[in-house]
2 protein chains.
Amino acid sequence: MSKFDEIMKRSGYSKATVSRVINNSRHVSDEARQKITEIMKQLNYIPNRNAISLSTGQTKQIGIVTSTSNAIILSFMNQFIDTAMDFGFQTLIYTTRGDKDIELKAFEDLRSKRVDGLAIIACVNDPEKLKAYLEYGPIVSWQRMGNNEIPSVAMDQAEGYILALEHLVSKGYTRIANVFGRADSINTQSRRAAYETFMASKGLPVLKEAYQYWVFTSSDGEEAMRKMAKAPELPQAVLCSNDYAAIGILSEARKLHISVPDQLAIVGFDDVELARVLGITTIHNPIAEQATQAFHQLWAVLGRQKVEPEPLTYRLIERETT
Amino acid sequence: MSKFDEIMKRSGYSKATVSRVINNSRHVSDEARQKITEIMKQLNYIPNRNAISLSTGQTKQIGIVTSTSNAIILSFMNQFIDTAMDFGFQTLIYTTRGDKDIELKAFEDLRSKRVDGLAIIACVNDPEKLKAYLEYGPIVSWQRMGNNEIPSVAMDQAEGYILALEHLVSKGYTRIANVFGRADSINTQSRRAAYETFMASKGLPVLKEAYQYWVFTSSDGEEAMRKMAKAPELPQAVLCSNDYAAIGILSEARKLHISVPDQLAIVGFDDVELARVLGITTIHNPIAEQATQAFHQLWAVLGRQKVEPEPLTYRLIERETT
DNA sequence: TTGTAGGCGTTATCAG
DNA sequence: CTGATAACGCCTACAA
């Protein structure tokens, strides 16, 4: 016999009343509440979440989908988990390693009611295919998706990129190289477009031949620096996909005895703690705020309560690499 | 009517047979299996996890408890999540920020059957109190716990520490400072003891006055370096709680124009990617392997199948800071 | 091989 | 304010 039944029996009240006490319903006499509460304590009772979920159809669990996780993604996840917890939700992590089938399992878990909603950090499946899952629960994305059906909390990175470009140009750097992340991502397209139009508008050279893609980690950054060093001419500055790439570039530049920022200026992106420690000029990216907004978007559906998002902005943080 | 019922109806078979097909039972005729499978596809059926969990008493979910999460912890989590997934388990993250009550919620979730087991990365509650939860499901810890009831997959860090000490001494560094993490943790005690006995055995100075505690992040490392620089005499080398502390120390040393390793040698711990990129000598810590073993320990109970753990060892990685 | 009946632990809808 | 009674969706003896 379950503890619930035991409480029923010992108190002499019905299931319904016991349930009401558990859920703090007002429609219970003080007497009943006291008696039942007392017995619950004696029995060290705690409700079974699976029974609750089956009955209510809600699990109070949110899935978060990411292909890999680095420190940048971690800061998003941490904030998301915190916010979710404040609203009474637990978070499950789906790391997909870029595998479509594994990723799909997260979406199937929305269907099978393991989670009430999904936050996507990065995904590899076709957005058109994924949007079919919207009928099973709310989905929000950090990465910008191709279609508009799945809402995104991402900011337009072009804004941040232009901040960096203006900074560099104002300091006299005009031959500016770019080191991008995913070649096909919307963010990369957005940054590249910003760069090209900005440079063109100033009558400055657009170094397309210096574009590098798939540079994410500090190792990637090292590699990128070596490539740059091999080119006939070194650019005066390099804009990086993120701070880790910048760290790698900075570190490798030192090894190659390229003086920063005299021979090469470096600008990172995101403003992680290490960028500060290592003195890297970067663009502050309000990641935590975006994570909070991501949960709020889900909550708008799950809790039927809209939370107005505050507008977020990028900020240039000048340090020693420019 | 649920899809399950719909399948029953359309196929003409009973609940039991439908259930058998879902669970790949052998005791089903090919005819029944085919017919039911066909209908399941038509209906795009997927089982409700809450119903399964309620019925079986298993959620196939594991909780992972950590106070904060940095890149080191992240690598443990990632590997744990991966391994769990290979065994059909999803992982939920409990970040406690060092709050006892929040941490306790994770353990209560074991009681309420939200999770089948728990992996602790770091916890703040009294181990004596926590071990009471062992009756509700398996628990394993990375951090070493005071009692032996909760098994730990941690290695004795003294071994790794001695590797570092031997290396430094062999290179001629004899005035060695230490920068520790949590002052009261078993790891710190273990490292400190290793240092003191090792130095004593070699007849070398034990720099107790140079001990620094609570140094975890690169910011902490910067601060630690500044303190060292203020002391009347600089040590010849410093052993760090982890690589991030080492990064901070290295970075700050450069700012203070202290030449590494000539004036100050630095040894990190863990061997994270950035230690390689930045050329920091360190002790390789098989973190991923420990994470795998952590899940295996839980699996021994949940799956009633023991997986023999392979013995793990530390390794010195010599780079440019020594 | 198949079916019946009961159980898993709650919530929810009605009456009273 | 309280209590039957029926969901919720699936699993599992035990029988047939």
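Labels below follow one simple rule: chain letters A, B, ... track the order of the sequence lines, proteins then strands, and each chain is numbered from 1.
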Original post:
In whole angstroms, how far is the P atom of C:dG9 from the CD atom of A:Glu6?
Top reply: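 Taking atom P of C:dG9 as the reference, CD of A:Glu6 is at 13 Å.
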Atom CE of A:Met8 and atom C1' of C:dT11 are separated, to the nearest Å, by 14 Å
Rounded to the nearest 0.5 Å, the CZ atom of B:Phe216 sits from the CG atom of B:Asn242 at a distance of 8.5 Å
inquiry  = I need the B:Asn285 CG to B:Ile72 CD1 distance, nearest 0.5 Å.
reply    =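 Atom-to-atom, B:Asn285:CG and B:Ile72:CD1 are 8.5 Å apart.
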#### Entry: Donor-acceptor contact below 3.5 Å, side chain B:Ser67 vs main chain B:Arg97
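Absent.
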ask   = With no hydrogens and no angle check, is any side-chain donor or acceptor of A:Ser53 less than 3.5 Å from a backbone partner on A:Gln58?
value =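 Such a contact is found between A:Ser53 side chain and A:Gln58 backbone.
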When every non-hydrogen atom of B:Ile287 is compared with those of B:Ser75, the smallest separation belongs to CG2-OG, 3.6 Å
- Query: Using a cut-off of less than 4.0 Å, is there contact between a side-chain N or O of B:Thr17 and OP1 or OP2 of C:dG3?
  - Reply: yes
Task: A:Lys100 and A:Lys129, any side-chain heavy atoms less than 4.5 Å apart - done: no
**Prompt:** Quick one: are A:Gln90 and B:Gln61 in side-chain contact, heavy atoms under 4.5 Å?
**Reply:** no
Note: contacts of residues 25-44 of chain A with DNA chain D (heavy atom, under 4.0 Å) are A:Arg26, A:His27, A:Val28, A:Ser29, A:Ala32
With sequence neighbours left out, the residues meeting salt bridge (charged side-chain N to carboxylate O under 4.0 Å, His left out) with A:Lys131 are A:Glu128, A:Glu149
Readout for nucleotides 9-16 of chain D: B = base within 4.0 Å of protein heavy atom, S = sugar-phosphate only, - = neither; 5' to 3' it is BBBB----
